[in-house]
Amino acid sequence: MKEFEINAAKWLDGDFDQATKMQVLKLRNEDPAAFEDAFHKNLEFGTGGLRGIMGVGTNRMNRYTVGMATQGLANYILSKVGGDDPRVVISYDSRNNSKEFAKIAAEVLSANGIHVFIFDNIRPTPEMSYAVRLKGAVAGIMITASHNPKEYNGYKVSWSDGGQVTSPVDKEIVAEVAKISDPSQVKFKAGLRCGEIESMGAEVDEMYLRDLLSLRLSPEACAAHSDLKIVYTPLHGCGVKLVPEILRRSGFNNIIHVPEQDVSDGDFPTVVSPNPEEPAALALALKKAEETGADIVIGTDPDADRVGIAVRDDKGRMVLFNGNQTASLLTYYILTRRKQLGTLGTGKYVVKTIVTTELISDICKSFDIPVYNVLTGFKYIAEVVKRKEAEGGEFVCGGEESYGFNVGEFVRDKDAPVSCMMIAECAAWAAENGMTLYSLMQRIYEEYGYRKEGLVSLVRKGISGAEEIRQIMAGLRSNPPAELCGSRVCRVVDYLEPEKTGQPKSDVLQFFNEAGDVMTVRPSGTEPKIKFYFGAKGADADRKIEEMKKQFA
């Protein structure tokens, strides 16, 4: 028998519920290819947790794989952390099965004697991060697949600082989870030693909103432009309650909803993919903006940690900003206002990822504020915040090109609610100074030089896809490009060589040319994709981006 057949036989013969066994038989009889994919390996609990397609099988997100991951996490907490009252915070988004998976995680932790705080309904990832520190928890679990299609779900682990787990804790947890090879090892039901399960709700919302609102920089401008028309869509996700609320409390009274997308629905019925990075996801919101004459469109993903926006250009047309533009705009605004307010003293810093625009570096340099570059993933930004906090530094803001941004130190992850608040506040401040968000962005380009970024993601699914991605990376290492856009490649950075990069080991390649352009290539850590990031500098940056896309992707 092949490995997938052996794995499937264990599910058919083992201590699994009857409904699950019937689903395994149905899959085997009706879709042999999907059957093989569902059982050909174990769904890997990586350094970011679990993420995969929902369904029966060892390579799927289901109650058993969630239970096994939670048992491994519980074992790690009890063996490495201990204490009289170890605590874990749990939240979940609107995806199908998210509530069930959260409940299973809570029950397994409780059965292991761990004190659980679980939200009473869907809540954003950043609020989970906030609650970890609020409750003095050792860890947090967020059930979400972020912006992935509806077939996916995930299980993301944060540590005691509220940031996603990083080395060495991440690898140690992975090792403990790997020891759980069968559901029989999981304590699904409480025994004699049972940890308390407490529900959290409005009281945590209030503290979270209060602290985020304390980060405001231009309340007078918000009051003067309270009629700013803002279309907001949660894309059927967690932002539906808190984002409109924080905008209202910031002084904006003209929040326009997209009713169809206010419905929390894991099937995401109005979009192909609930990803604000994709223009199609904001189509209904853009339509609403045209109907109402709105100034701004804001959309957040299902777990409300990413945000996408559209603004009116100089001809009155709605145009989408990408993540690099939004992060640059907010960085410029926050540093400008803090300098004006006299709160930009020593010890302040900004963090961005290596694939995020260098425009942010140029902005920070002009304010004499250090900027730290880290690997792709907000967990590395949070890691810097944790380290610098111990040294007395203060995180001002930071972000990544994939539509994630954060302000201040209350949350140690991407935070869409605070980002939405700052976007609206920036628009009010710009209006107070005779500008729109669009014209402010053009002013930034005029001051620092024009830059353009592009991203191409090649989807390669299944076993053959993973091998193709491996071959692409191997080919680029053995035969790197000699030039980008006709300019000689003068530097190659391979992040598999941490002794040279000063960063954790990662399967990432960067190619820099003499003209200041850059291409970064990396396999996605959460999706069956390989990503090509392009950055170009100069008046002809748009042309260079298209040229690089044709050359490599």
S.K.: To the nearest 0.5 Å, what is the distance between CG (Leu359) and CZ (Arg451)?
M.R.: 6.5 Å
S.K.: So, Glu358 and Lys352, do they make that salt bridge, N to O below 4.0 Å?
M.R.: yes
S.K.: Is the shortest distance from a Lys or Arg side-chain nitrogen in Arg312 or Glu290 to a carboxylate oxygen in the other one below 4.0 Å?
M.R.: yes
S.K.: So, applying side chain to side chain donor-acceptor pair (under 3.5 Å) with His236, which one of Asp262, Asp93, Thr270, Asp301 is it?
M.R.: Thr270
S.K.: Go through it in stages, so that I can follow the logic: the residues are Lys549 and Glu546, the test is salt bridge (Lys or Arg N to Asp or Glu O under 4.0 Å), and I'd like the CA-CA distance, side-chain angles, deciding distance and then a yes or no.
M.R.: CA-CA 5 Å; Lys549 286 181 178 179; Glu546 294 308 313; 3.8 Å; yes
S.K.: Indicate whether any N or O donor in one side chain lies under 3.5 Å from an N or O acceptor in the other, for Asp413 and Gln164.
M.R.: yes
S.K.: Any donor and acceptor pair, going by atom type alone, linking the side chain of Ser129 with main-chain N or O of Val411 inside 3.5 Å?
M.R.: no
S.K.: Looking at Asp305 and Lys156, is there a salt bridge between them, counting it only when a charged N and a carboxylate O are closer than 4.0 Å?
M.R.: yes
S.K.: Can we say Glu389 and Arg133 salt-bridge, meaning some charged N sits less than 4.0 Å from an Asp/Glu carboxylate O?
M.R.: yes
S.K.: Test the Arg491-Phe512 pair against the cation-pi criterion, namely NZ or CZ under 6.0 angstrom from the six-membered ring centroid and within 45° of the ring axis.
M.R.: yes
S.K.: Does a salt bridge link Lys388 with Glu391, judged by any charged N lying under 4.0 Å from a carboxylate O?
M.R.: yes
S.K.: With the threshold set at 4.0 Å, does a side-chain nitrogen-carboxylate oxygen contact exist between Asp120 and Arg123?
M.R.: yes
S.K.: For Glu206, is there an ion pair with Arg249 - N to carboxylate O distance below 4.0 angstrom?
M.R.: yes
S.K.: Is the closest basic N to carboxylate O distance between Lys241 and Glu245 below 4.0 Å?
M.R.: no
